[in-house]
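A quick write-up on the structure given underneath.
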Amino acid sequence: MPEENQILNGEDNIPEQPVEQIENGYSEDSIKVLEGLEAVRKRPAMYIGDTSDRGLHHLIHEVVDNSIDEALAGYCKNIKVTLHTDGSCSVEDDGRGIPTGLHTVKQISTLEVVMCTLHAGGKFDNVSYKVSGGLHGVGVSCVNALSSDLKVTVYREGLIHTQSYSRGIPITQVEVQGKTDRTGTVIRFKPDDTIFKTVNFRFDRVTERLRELAFLNPEVTITSIDERESLEEVYHYQGGLVDFVQYIDELVTSVVKPVYLSGEEKNENKTPTQCEICFQYNNGYSENVLSYVNNINTIEGGTHVSGFRSALTRTLNAYAAANSKFNKVQLSGEDFREGLTAIISIKLAEPQFEGQTKTKLGNGDIEGIVRSIVNDKLGQFLDSNPAEAKKILEKATLAAEARIAARKSRELVRRKNALESSMLPGKLADCALRTPEDCELYIVEGDSAGGSAKQGRDRKFQAILPLKGKILNVQKARLTKILENEEIRTIFTAIGAGFDEAFDVEKARYGKIILMADADIDGSHIRTLLLTLFFGYMQDLIFRGKLYIAQPPLYKLKKGKREYYAYNDQERDETIQRIRKEFGKTRTVEADEEIPDVESVDGIIISRFKGLGEMNPEQLWQTTMNPETRTLLKVTIEDAANAARIFQTLMGDKVEPRREFIEKNAQYVKNLDV
Ligand code: 0RA
């Protein structure tokens, strides 16, 4: 079993490529082109991140991004994504269509150049906002290289053109099929199952991103169809970012109407920089700022986010200063962030991305542009909406009072820490090694599971921190309250890297923090509470890929003296079959055969683990903690918009939707892309 369910570099197991294109009489140029795509097949992970579920869905996003580029350039209004019954996916748009004329350099159809040349997919006119072909997009040619079959249909200049490929190699010429009066592109591709570990597209995964794109680009209508399940969804949000903010905060109570601000910075000969912001306040305490540059989620923020933050503080403070009702307490930036949900969307011609995951906007001039747009437009808004302004400032004033109280308790915590100097929490069973990169911290639900974990671990590099039941819901509490919570303080101290703005991931005492809770509803609630804590106060741990979720098995199967473990229902059934084969029985299990908590089939005793506490230390080590045999899920925040909404749902104050949500998504952590 692999240690982590992530990138397996495709260096081994590369299927040999047929190089039969020479027989088709292509020029030397085109052979060079094909060599380019060979690189993609050799190292797919370098181009699309990985070859798991994630990389697979990346293919769709890649093609859709090209259609979105057409929309950004003002030529495309409709995009349709279809998951077909044969396992292929098609993306159709009504943009200009990929150019089909003769490519002057390569002397073949430009369509073939775009489809078969690495990094040739971008626009040739450099006056547009680019998503694809840039740092994030790798071009449709990569999708072509990684598809066992791909067919492109272009409607352009009155004609229908098609070309087909297999693994990036043309198997037909560009052919004219007939006349048309529309324009656009249809790309239908079937992912190569010799490259991808799974080729099963998941509709929910596809629609998540499409919905986000529809919010960010109100001019487009995106239709998503799953022919396998007869599902269809249409996304079109006239309200754009306003709809987006309301969608995220759907399940929490807002205290002001969404504020929408937009502006444009024109500079000579260049594509103007567009800035759109929408924010509102809810009655919670956490801050949710989602930011996008050319539709790419800038998880790490950047100059657009800092421009927004500083202008929000400055403008609201200036308004407070001018209104005697509100200048009693000195309001600071964080007071204006409590309960804030904001979306910042910037479109600019040449974004520079920096940071750990290249999702931080670096363009220096953007900070000033955003700041001046927010100063101007928010100033106007406050002047013309005094009632809304009052609500915002009242909320910030409450936050300031709480902050002052929080500072006092924080000082208390610090002083206490200073007194105890390097004292680690008593409940922590620390490991022997002191090199963080080798060390792991298991945060374990419940004292009894904690006890088993302590006995079962390898004390050289594994530390155990047992938690007593549920931790505080940080989404619903202010910092004062959070710091009063003993369980949370224990977690902060054990990790030893501070919290909130002062969190310094370099100081973390462990290279892996592993959350271990039962595989039931309670366990997943605790996991969510912990994830919320890390998401809100130690986010860099997630960015740096140091947060994991342990995967305890669900079943134990026993035959004679032999024991087997299964991590899900499918594995359980496969294991039953395997044992039967080993023991010479052939009866097959029906797919929907009911297997109760403890049952004996053909002398195989099947029991369901109800909780971690049921496993003895040796079992726990063998199934869940031994790096040789365990599976860990790495927590990532790829889909920040969805994560934000899920946290709001689970932690917000509307009880009924939360209950429904938990019932429907007992395994919802999957939606967090862990
Ligand atoms: C290259 C140049 C132009 C458009 C495209 C590619 C293009 C690519 C895709 C992929 C999916 N849909 C697409 N639509 C367009 C510019 C075309 C022009 O200048 O007329």
Side-chain angles (χ1 to χ4, degrees), residues 33 36-37 40 47-48 57-83 88-106 108-134 136-147 149-165 168 170 174 180-191 206 209-210 213-214 217 219-224 271 294-296 349:
V33 167
L37 289 191
V40 180
Y47 296 87
I48 53 158
H57 290 86
H58 197 113
L59 298 180
I60 299 182
H61 300 149
E62 193 55 51
V63 183
V64 171
D65 282 352
N66 280 273
S67 303
I68 287 287
D69 281 353
E70 281 295 284
L72 289 181
Y75 298 101
C76 163
K77 293 256 171 289
N78 296 285
I79 300 171
K80 186 164 97 184
V81 177
T82 309
L83 303 179
S88 68
C89 168
S90 61
V91 179
E92 176 172 350
D93 67 53
D94 58 357
R96 286 168 292 184
I98 303 175
T100 48
L102 195 68
H103 191 266
T104 45
V105 179
K106 307 242 187 233
I108 53 171
S109 167
T110 304
L111 176 58
E112 185 171 323
V113 177
V114 168
M115 296 307 297
C116 302
T117 315
L118 209 48
H119 300 302
K123 305 295 175 284
F124 307 135
D125 48 359
N126 58 1
V127 282
S128 52
Y129 313 101
K130 260 189 285 187
V131 189
S132 64
H136 289 264
V138 284
V140 281
S141 62
C142 280
V143 178
N144 195 10
L146 302 175
S147 297
D149 302 285
L150 185 145
K151 181 177 179 184
V152 60
T153 309
V154 172
Y155 303 85
R156 198 179 156 100
E157 289 154 15
L159 297 174
I160 306 169
H161 315 257
T162 62
Q163 187 170 32
S164 298
Y165 318 82
V174 175
T180 180
D181 52 15
R182 58 168 285 197
T183 65
T185 306
V186 184
I187 292 175
R188 179 167 178 164
F189 64 97
K190 194 171 182 181
V206 174
R209 170 70 176 153
L210 297 180
L213 284 170
N217 304 281
E219 66 284 2
V220 295
T221 301
I222 305 180
T223 306
S224 186
T271 320
N294 294 358
N295 295 315
I296 295 160

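Scope of the values below: all heavy atoms of this structure, side chains included, with no hydrogens, waters or symmetry mates. Remember, it's 1-based here, ligands and their atoms both numbered in the order they're listed.
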Counting only heavy atoms closer than 4.0 Å, does ligand 1 sit against the backbone of [X], its side chain, both, or neither?
X      : answer
Arg156 : side chain
Cys76  : neither
Asp93  : side chain

Asp149 meets the side-chain contact (heavy atoms from CB on, under 4.5 Å) criterion, sequence neighbours left out, with Lys190
Can you name the residues that form a side-chain contact (heavy atoms from CB on, under 4.5 Å) with Leu102, not counting sequence neighbours?
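For Leu102, the residues satisfying side-chain contact (heavy atoms from CB on, under 4.5 Å) (neighbours in sequence not counted) are Gln107.
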Any donor-acceptor pair under 3.5 Å linking the side chain of Thr180 with the backbone of Gly158?
no
Would you find a donor on one side and an acceptor on the other, under 3.5 Å apart, between the side chain of Glu70 and the backbone of Arg96?
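Flag set: sc Glu70 to bb Arg96 pair under 3.5 Å.
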Proximal ligand 1 atoms for Glu70, defined as those under 4.0 Å from one of its heavy atoms
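Those of ligand 1 that fall under 4.0 Å from Glu70 are 4 (C), 14 (N), 15 (C).
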I'd like to know whether ligand 1 has Pro99 as a neighbour, heavy-atom separation below 4.0 Å.
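Pro99: in contact with ligand 1 (<4.0 Å).
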Would Met115 and Val140 satisfy side chain to side chain contact (heavy atoms under 4.5 Å, CB included), going step by step from the backbone distance to the final call?
CA-CA 6 Å; Met115 296 307 297; Val140 281; 3.9 Å; yes
Looking only at distances, can you tell me whether any N or O atom of Asn66, backbone or side chain, sits closer than 3.5 Å to an N or O atom of ligand 1?
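No; every N/O pair is 3.5 Å or more apart.
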